[in-house]
Amino acid sequence: MSNVSLKNLVKTYGQTKAVDDVSVDIEEGEFFSLLGPSGCGKSTTLRMIAGFESITSGEIELDGQGVSALPPEKRDIGFVFQNYAIFPHMNVFENIAFGLRLRKLSETEIKQKVGAALEQVGMAGLEHRMQREMSGGQQQRVALARVLVTEPRILLLDEPLSALDKNLREEMKFWIKELQANLGITTIYVTHDQGEALTMSDRIAVMKDGKIAQLGTPREIYQKPKDVFVAKFIGDSSLLEGRIAAMADDKCTIQIGDREFQAAARADLKLGDTAQIVMRPEHVRITTQEPDPDWNSGGAVVLAVSYQGASLRYELDFMGQSVISESTVGHGGPELDTGQSVQVMWHPAHAWLLNTGKEDHAG
Amino acid sequence: MQGTEESKRLWLLAMPGLTFFLVFFLVPLGALFLISFDKSSTGIVDIRWMFDFSNYERFFTRSIYYEAALRSVGLAALVAVIALLLGYPLAYVIAKTTDPARNTFLMILVLSAMQLDMVIRLFGLMVLLGDNGLINQVLQSAGWDRVPLMYNFFGVVVGLVQFALPFMILSLVGVIQGINPSLEEAARSLGASRWRAFWKVTVPMSMPGILAGLLLVFALAISSYVVPTLMGGWKVIVLPIHIFQQISELAKWQFGASVAVIMFLISITAMLVYQRTSNRLAGGRV
């Protein structure tokens, strides 16, 4: 087990900064995700940690020691590729034995270790399979076994599930997380899928344009997004822009048009700042009756209804802005039609504020 | 009956090429084959259906002929190996370079080496390698002795490698480009040095291109007439020279045909070796 420290990491290609001053400390045994849209620098960061890409400036430390001068083979890392990178000219056994042979282990030791690794990934008995005879999921298991058998200090995963179909992806998600937790191996996971990152990670760094937009636990990132980009990238959200009209202790009042709404206060907000209310669809309720006076509420018109199996999703026009509400089917809520006038309501505790008065209008 | 409809359509597509192949390759080859068994009679080209093995007997009992066969095989194999050793690194650079300008430049260099007729290219080579050629002039002005660079085995090898190298490179570039770069990276991260990753992953993965290139160069080199005559100055006698002399100068069509058939069989053997080897490699891959 090892810790990883990225210190002011920069990677430039010509004029473009692919990674722009990224600093983060990843703890021993942590499952850490780099999450972001394509081109945000997450894969480049991972490839720099592996040694596949050179560093323009900054430093990478493993257990407190700088490794940027070391070639990939000296870093003692395990790297799992999006396309699995199973050697097509070797069978499963030889693939897994590859790293062990380089470490000059005896043939008996290799046999025993490869056997154990196959057992671990649920592929026992398939040592003679070739790459072309395996499904994507099986290849990914072999790729993991091949890496884990060398007992690397850290495990780097580059979008390992994105080439799999949806059901298998769900299954592998939990399987990888469980394997990682059992081994306690420090893991850095690159993905553009917020669902994967939220389910698997201890902490997430959301990246945008080569920078870390927000660093935190999945809950922090989902519930308290730092800016519009993070709010929109992680999960669905509705944003309402207004101005801070009053502040009191832990509460503040935000004015949108001639209406006022309550929200939880944030230390960095002052009277008169512009701010956006972020609401998650599951926190926006719809009613045809009189709304609860303690809640924020207002009249809205249903624009669209979509049935999603377990839930119903409504798109509403609220004061000229789009608001999304999602409710579980069968919880007694009203079934609504397009064009219908309703009341939307949300609790002040579920109205997270984004400060857009001072910061740039990202997103 | 959709299957037969479909296969009919495929046959129709193959028809023009197949017809050409049949009329202008298989028929002449068959005629050559038949003539090679005809009793040797100077000046006669027709098939006379007087078959025996006298031409082949002559070939395998006279050292001038069977030694030429051995020389041809040795020469072609040597040229194939040299072309591989020179061609692989260059093909690797072409395949891996991400700079489009450099890639285009190298590709034009390789392809332009195939553009002019071989005879013209060889005349250019003579200017360089001849007894009073550029290289020898430089050597002499430096106070060294002249070195015979052509009209010998060396000259033939240089000429054939020049001729065959682009074919080797073209066979390799596509295959090397097709190798997933993450395979080499995977090997590196598992602890292999750059050199080891190259030998354990890139080279085995290039085998289809290496084998195809070797076969192509071997076939081109063994059947070349122009290069051994011009660069060898009639001192390096290979099978095509015998074939040409027998047919064109001595009008012994029957014996010339039998030498041609033997050369063809050598090429076919090389092709079978290629097939077997690549099947065995693919067998390990499938």
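Because the structure is predicted, anything quoted here is derived from the model rather than measured. The sequence lines fix the lettering, A, B, ..., with proteins before strands; numbering per chain opens at 1.
- For A/Arg146 and A/Glu94, the salt-bridge test fails: no basic side-chain N is under 4.0 Å from an acidic carboxylate O.
- Centroid-to-centroid, the aromatic rings of B/Phe264 and B/Phe33 stay 6.0 Å apart or farther.
- Contact annotation for B/Ala197: neither backbone nor side-chain heavy atoms come within less than 4.5 Å of a heavy atom of chain A.
- Proximity to chain B is limited to the side chain of A/Leu102, based on heavy atoms less than 4.5 angstrom apart.
- Salt bridge absent: A/Lys111 and A/Glu127 never bring a charged side-chain N and a carboxylate O closer than 4.0 Å.
- Heavy atoms of A/Phe87 lying under 4.5 Å from chain B belong to its backbone as well as its side chain.
- Both the backbone and the side chain of A/Phe79 come within contact range of chain B, judged by heavy atoms closer than 4.5 Å.
- Proximity to chain B (any heavy atom under 4.5 Å) is shown, for A/Leu156, by neither the backbone nor the side chain.
- When heavy atoms are compared at a cutoff of 4.5 Å, B/Arg194 approaches chain A solely by way of its backbone atoms N, CA, C and O.
- Side-chain contact annotation: A/Glu73 with B/Ser193, donor-acceptor N/O pair under 3.5 Å absent.
- Listed options A/Pro72, A/Gly99, A/Ala143 were ranked by heavy-atom pairs under 4.5 angstrom with chain B; first place goes to A/Pro72.
- In summary, the aromatic rings of B/Tyr274 and B/Phe218 are positioned with their centroids too far apart to meet the 6.0 Å limit.
- With hydrogens and angles ignored, the 3.5 Å screen pairs a side-chain donor or acceptor of B/Arg121 with a backbone N or O of B/Ala113.
- When each of A/Val147, A/Val80, A/Asn83 is scored by its heavy-atom pairs under 4.5 Å with chain B, the top score falls to A/Asn83.
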